Amino acid sequence: MSLEDKLSKIKYEPDIESHLRPDQKKCLDCKRKICTYVCPANVYEWIEEEKKLLVKFENCLECGACRIACEKKCLEWEYPKGTKGVTFKNG
């Protein structure tokens, strides 16, 4: 099953504003761009030509792996507001 198929099984309502805000200047100093590897939903993509971190916040599973793993603390991370984001259910 592809990542897209798995993500389609999760109910979420994305906000129109991102709850993930990278500090692009700090990201330039990161050699490994670890958030692009640890995120299970592939939210982060480094665009080498633009020297910019692309954030697809709509796919975020709110696990927090990116903010823990970021060696330079480049990410300002918070939960989405109100009823936005992932809805987790038991069973």
Side-chain angles (χ1 to χ4, degrees):
M1 181 179 282
S2 72
L3 177 64
E4 289 77 21
D5 290 337
K6 290 177 184 177
L7 288 174
S8 71
K9 306 284 185 214
I10 296 171
K11 181 182 178 204
Y12 60 96
E13 181 69 35
D15 199 347
I16 57 172
E17 293 181 26
S18 178
H19 62 286
L20 309 168
R21 289 177 289 286
D23 183 327
Q24 297 289 351
K25 290 180 183 178
K26 283 185 181 179
C27 285
L28 281 171
D29 294 335
C30 289
K31 290 185 170 94
R32 298 186 308 168
K33 315 290 189 268
I34 195 99
C35 63
T36 63
Y37 300 102
V38 301
C39 178
N42 291 332
V43 168
Y44 303 98
E45 180 182 351
W46 179 253
I47 309 298
E48 185 61 35
E49 299 81 33
E50 298 177 29
K51 304 288 189 214
K52 183 177 179 181
L53 186 67
L54 176 65
V55 180
K56 298 172 271 186
F57 70 94
E58 302 88 351
N59 293 341
C60 182
L61 299 174
E62 301 165 31
C63 68
C66 57
R67 74 176 162 168
I68 293 167
C70 183
E71 57 205 15
K72 299 279 186 181
K73 306 297 180 209
C74 301
L75 296 170
E76 185 178 325
W77 190 103
E78 58 188 30
Y79 286 104
K81 61 185 171 201
T83 59
K84 304 300 181 187
V86 178
T87 302
F88 292 103
K89 295 181 180 180
N90 293 329

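Since this is a predicted model, take the numbers as computed values, not measurements. Numbers here simply count residues along the sequence, with the first being 1.
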Is there a path of hydrophobic side-chain contacts, each under 4.5 Å between heavy atoms, that joins [X] and [Y]?
X	Y	result
Tyr44	Phe57	yes
Val55	Leu28	yes
Leu54	Leu75	no

Drop me the distance from [X]'s [atom1] to [Y]'s [atom2], to the nearest 0.5 angstrom.
X	Y	atom1	atom2	result
Trp77	Cys63	CH2	SG	7.5 Å
Gln24	Lys52	CD	NZ	6.0 Å
Glu78	His19	CD	NE2	8.0 Å
Lys73	Arg67	NZ	CZ	10.0 Å
Cys60	Leu20	SG	CG	4.5 Å

Over all atoms of both residues, closest heavy-atom pair of Cys70 and Cys74: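 Here Cys70 and Cys74 meet closest at SG-N, 3.1 Å.
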pair Tyr79-Glu62: side-chain heavy atoms closer than 4.5 Å: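 They are in contact (side-chain heavy atoms under 4.5 Å apart), so the answer is yes.
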Return all side-chain donor-acceptor pairs below 3.5 angstrom for residues 32-43, not counting sequence neighbours, or 'none' if the list is empty.
from: Arg32; atom 1: NE; to: Glu71; atom 2: OE1; distance (Å): 3.4
from: Arg32; atom 1: NH2; to: Glu71; atom 2: OE1; distance (Å): 3.1
from: Lys33; atom 1: NZ; to: Cys27; atom 2: O; distance (Å): 3.0
from: Lys33; atom 1: NZ; to: Cys30; atom 2: O; distance (Å): 2.2
from: Thr36; atom 1: OG1; to: Lys33; atom 2: O; distance (Å): 2.6

More than 12 heavy atoms from other groups under 6.0 Å of NZ on Lys56: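 Yes - once you tally the heavy atoms of other residues, nucleotides and ligands closer than 6.0 Å, there are more than 12.
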Contacts of type salt bridge (Lys or Arg N to Asp or Glu O under 4.0 Å), residue Asp23, not counting sequence neighbours: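 So Asp23 forms no salt bridge (Lys or Arg N to Asp or Glu O under 4.0 Å) with any residue.
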